[in-house]
Amino acid sequence: MYWSINLVILIFVIVCALGAIYVKDLLATAILFGAYSFMMCLLWAIMGAVDVAFTEASVGAGVSTVFFAAAVFRTSRRTKD
């Protein structure tokens, strides 16, 4: 049962990572990065590394996403490409 949950979350991690690479909108990229960090947090928690999961949730999904979104609002949202 755990391998199927791990596989689904791993697929979400890969989709979030590829989406963050290919999306042109910077705010969408920041949100996808936050989703990627949250999915990694779930993977760490399922694997039993609760301390790493807590750090990933607080730093990766929390603080970094807020900083990225704040930086996006101070710049233009779309790239010139």
Using distance only, find each side-chain donor-acceptor pair of residues 45-59 under 3.5 Å and give its atom names and separation, not counting sequence neighbours.
from : atom 1 : to  : atom 2 : distance (Å)
T55  : OG1    : D51 : O      : 3.0
E56  : OE2    : S37 : OG     : 3.4
S58  : OG     : F54 : O      : 3.1
S58  : OG     : T55 : O      : 3.2

Find the distance between [atom1] ([X]) and [atom2] ([Y]) and round it off to the nearest 0.5 Å.
X: N6; Y: S4; atom1: CG; atom2: OG; answer: 8.0 Å
X: L32; Y: I21; atom1: CG; atom2: CD1; answer: 10.5 Å
X: L42; Y: I9; atom1: CG; atom2: CD1; answer: 5.0 Å

Check your understanding: Any idea which heavy atoms bring A28 and V23 closest together, and the distance?
Key -> CB-CG1, 3.6 Å
Check your understanding: Transitively linked via ILVMFWY side-chain contacts under 4.5 Å: L26 with F67?
Key -> no
Point to revise | Test side-chain hydrogen bond (donor to acceptor under 3.5 Å, both in side chains) applied to T29 - qualifying residues, sequence neighbours left out | key: none
Review point. What residues, two or more places apart in sequence or in another chain, satisfy side chain to side chain contact (heavy atoms under 4.5 Å, CB included) together with Y36?
Key: V13, C16, A17, M40
Study note, to complete from the structure: Sorted by chain and residue number, the side chain to side chain contact (heavy atoms under 4.5 Å, CB included) partners of I31 (sequence neighbours excluded) come out as L27
Practice item. Output all residues satisfying ring-ring contact (aromatic ring centres under 6.0 Å, His included) with F33, sequence neighbours left out; order by chain, then residue number. Key: F68
Review point. Rest of the hydrophobic cluster containing V66 (Ile/Leu/Val/Met/Phe/Trp/Tyr, side-chain heavy atoms under 4.5 Å)?
Key: none
